There are 2 protein chains.
Amino acid sequence: MKYKILEKPECEKAYELVEEALRKRATIILFACCRVEYEGRALSQLNWGERIILIKPDGSFLIHQDKKVEPVNWQPPKSRTRCYLKGDRLMLESHRRTPKELLSVEVRHIQFINYANVEDYEELEQAGYEKDMSDMIMKRPHIIEEGFTPKTREYAVEHGFIDILGKDSDGNLMILELKARKAGVNAVKQLKRYLQDMENTDNAYLKECKVQKKKIRGLLVAPSIMDDALELSEEEGIEFVSVEPPRELKRDKKITLDAF
Amino acid sequence: MKYKILEKPECEKAYELVEEALRKRATIILFACCRVEYEGRALSQLNWGERIILIKPDGSFLIHQDKKVEPVNWQPPKSRTRCYLKGDRLMLESHRRTPKELLSVEVRHIQFINYANVEDYEELEQAGYEKDMSDMIMKRPHIIEEGFTPKTREYAVEHGFIDILGKDSDGNLMILELKARKAGVNAVKQLKRYLQDMENTDNAYLKECKVQKKKIRGLLVAPSIMDDALELSEEEGIEFVSVEPPRELKRDKKITLDAF
DNA sequence: TATTACATATCGTAA
DNA sequence: TTACGATGTGTAATA
């Protein structure tokens, strides 16, 4: 693994290292006193101070102060980084085409500069999302109610996609709208639109309902619901079912301690 | 300024350094192979790989892979960091109370670890926001149209706050909805709601309009507008006025090159 | 402490 | 490329 570190280098030395790192598509960490200007979607400037600068091989460019999770300035992946010397100062620039954005950093008093080809082949495994909820309900439909039979997922209607379409034990059509977190009024409104879409558009399900004189039920499925959303759902004849999103990671992706 | 750096330290040495840094409320930069688990608002795991770990004195905890602007895992400011040894491994934990969240990092093969008391007393100066637009329009109302007189900002109605309320040269009431970027259909819908609120609620402005037989005009103010939003605004009788957000930084905060 | 709205939101996905 | 929605959104302002 390529790896280099320099402590308190002259700007010229640092410049050479940054050039080398950019050529080798390495990840650069720089801890230095710098001044920053940004112009693009917004406009900003940041006066002299010590910050941590991170330049990633995908073009991401981050400047972190000693507070907050978010970088004080940044550029997204695919930005083009270049560096040059301006007198005895190291200049770093990150440029983006669309939208046009330029981040310009003037550097002095470098505490250290490091570059490395980071070896990381892992992706984050997550659980607890709407997709997982959907998977769980398809697998164990009784979670919604006894006799519920899911038919289709992502059923296209005029205003979007119905998360899950199914039938209850009496043959009534059920339209499920899933939310992985607390449902708000927007979720109710969305479901209402889907119900209207279903009733106003010509489709096999609607025909069947009319022929067999069945109802169309709207169900909002979420771990919890806002008070105003509950009120609205009751007015609109929409049912709320409390379901927690699953909190288990897929087995085949469990951690193997000796992967590295 | 307190500053230390160790290259390829044993975990025990690293542990001592992290303890010291946490005590001194320093900023820690760690480049190492690690494994991460997170449980809280969601649940995630990340198998062994090299990452950059940043621990800030405000409690922020970031883990960066060599891609993307966003950290792969993190904890927000005010989280509590602790570290301990588990066999020959360095363990880092970051804990948050509300909501309850735990980030757990197992570390080995440390490339380097650095801590420093970052000297940074500057805050980012920005321009180009809705607020700046609002300020500009209040100061120079003719930008909207000749004879426009702003009356109130942030006027409360049922569905939110009207950005700017004013009158035109004929005494008609004007409701302005500002967007610092390209306006979409949502902006038009929002403005429509405000117009309805204004017409349906008992208030001094409405009374005056009725008595003097004046109109209520809705104006969407943004640098540009989406096609569908323009179409909708025309249907709804809403006017669109193109205004660029101001792009000037405050003068008294201009950069002085010898501040440091 | 909880809620709300904005952001250079970022990031994924689908058209 | 653009548009749209989800996010462990983060963050500041506000109640």
Side-chain angles (χ1 to χ4, degrees), chain A residues 36-46 58 60-63 67-79 94 96-103 123-124 126-133 154 156 159-161 163 178-182 184-187 190 226-228 245 247, chain B residues 36-46 58 60-63 67-79 94 96-103 123-124 126-134 154 156 159-161 163 178-182 184-187 190 226-229 245 247:
Chain A
V36 187
E37 285 178 10
Y38 160 79
E39 182 158 5
R41 284 172 288 178
L43 178 66
S44 77
Q45 61 181 16
L46 183 63
D58 70 346
S60 309
F61 193 119
L62 314 179
I63 302 168
K67 290 182 181 78
K68 310 284 159 64
V69 167
E70 300 239 311
V72 63
N73 282 109
W74 73 95
Q75 286 284 54
K78 293 180 187 170
S79 302
S94 178
R96 188 189 188 187
R97 289 270 173 82
T98 49
K100 203 184 167 197
E101 291 182 293
L102 180 64
L103 183 64
E123 278 185 31
L124 189 71
Q126 294 194 57
Y129 294 95
E130 212 171 284
K131 175 76 168 63
D132 299 273
M133 267 180 90
E154 301 296 320
H159 287 92
F161 294 85
D163 287 325
L178 312 186
K179 291 288 162 197
R181 276 179 306 292
K182 196 167 192 173
V185 282
N186 285 339
Q190 194 176 355
M226 307 249 195
D227 289 338
D228 52 352
R247 290 277 172 143
Chain B
V36 188
E37 285 178 8
Y38 159 79
E39 182 157 8
R41 283 174 290 177
L43 178 68
S44 77
Q45 60 182 16
L46 182 63
D58 69 347
S60 307
F61 193 120
L62 314 180
I63 302 169
K67 290 182 180 77
K68 308 285 158 65
V69 167
E70 302 235 313
V72 64
N73 282 109
W74 73 94
Q75 286 284 56
K78 293 180 187 170
S79 302
S94 178
R96 187 190 190 186
R97 288 271 172 81
T98 48
K100 202 185 166 198
E101 292 181 294
L102 180 66
L103 183 64
E123 277 184 32
L124 189 71
Q126 294 195 62
Y129 292 100
E130 208 172 293
K131 174 79 168 60
D132 298 274
M133 266 180 90
S134 180
E154 301 296 317
H159 287 93
F161 294 86
D163 289 327
L178 312 185
K179 290 290 161 195
R181 278 179 303 291
K182 196 168 192 174
V185 283
N186 286 340
Q190 194 177 354
M226 306 249 197
D227 290 339
D228 52 352
R247 285 292 176 124

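Just so it is clear, the model here is predicted, and its values are computed rather than measured. A note on names: the letters A, B, ... follow the listed sequences, proteins ahead of strands, and every chain is numbered from 1.
- For the P atoms, the distance from D:dT11 to C:dC11 is 15 Å, rounded to whole Å.
- Candidate nucleotides C:dC11, D:dT11, D:dG8 were compared by shortest atom distance to the side chain of B:P77, and D:dT11 ranks first.
- Environment of CD in A:E123: sparse, with no more than 12 heavy atoms of neighbouring residues, nucleotides or ligands closer than 6.0 Å.
- Across the protein-nucleic acid pair, B:N73 atom CG and D:dT7 atom C1' stand 14 Å apart, rounded to whole Å.
- Atom CG of B:L102 sits about 12.5 Å away from atom CZ of B:R96, to the nearest 0.5 Å.
- Contact annotation: B:R41 does not reach the phosphate of D:dA6 (side-chain N/O to OP1 or OP2, under 4.0 Å).
- One interatomic measurement links the two molecules: OH of B:Y38 to P of D:dT7, which rounds to 12 Å at whole-angstrom precision.
- Atom pair A:L178:CG and D:dA6:P shows a separation of 11 Å (rounding to whole Å applied).
- Heavy atoms of B:Q75 sit under 4.0 angstrom from at least one base atom.
- Looking at which nucleotide of DNA chain D each of A:T98 and B:S60 is closest to, the 5′-most match is held by A:T98.
- Shown here for A:P77 and B:K68, the closest heavy-atom pair between the two residues is CG-CA, 4.1 Å.
- The phosphate of D:dA6 has OP1 or OP2 within less than 4.0 Å of a side-chain N or O from A:K179.
- Side-chain proximity of A:E70 to the nucleotides D:dG10, D:dA12, C:dT10 is greatest for D:dG10.
- For D:dT9, neither phosphate oxygen OP1 nor OP2 lies less than 4.0 angstrom from any side-chain nitrogen or oxygen of B:W74.
- For the pair B:R97 CZ and C:dA2 C1', the interatomic distance rounds to 18 Å; values are reported in whole Å.
- Atom CG in A:L103 sits 11.5 Å away from atom CD in A:E39 (nearest 0.5 Å).
- Under 3.5 Å, the side chain of B:E101 and the base of D:dG8 form at least one donor-acceptor pair of N or O atoms.
- The pairing partner recorded for D:dG10 is C:dC6, the criterion being a Watson-Crick or G-U wobble arrangement whose two distances lie under 3.5 angstrom.
- For the pair A:E154 CD and C:dG12 P, the computed distance is 19 Å after rounding to whole Å.
- Across D:dT9 and D:dG5, the matching C1' atoms stand 12 Å from one another, rounded to whole Å.
- The nearest whole Å value for the distance from the NZ atom in A:K78 to the P atom in C:dG12 is 10 Å.
- If you check every strand for non-hydrogen atoms under 4.0 Å, B:P76 touches a base.
- Checking B:R96 against A:K67, the closest nucleotide of DNA chain D that is more toward the 5' end is the one next to B:R96.
- By the 4.5 Å heavy-atom criterion applied to side chains, B:D58 and B:K78 are not counted as neighbours.
- The CG atom of B:N73 lies 5.0 Å from the CD1 atom of B:I63; values are rounded to the nearest 0.5 Å.
- Both B:V69 and A:V72 lie close to DNA chain C; mapped to their nearest nucleotides by heavy-atom distance, the more 5′-ward contact belongs to A:V72.
- At whole-Å resolution of the value, NZ in B:K68 and P in D:dT9 are 18 Å apart.
- The separation between B:M133 atom CE and C:dC6 atom C1' is 14 Å, rounded to whole Å.
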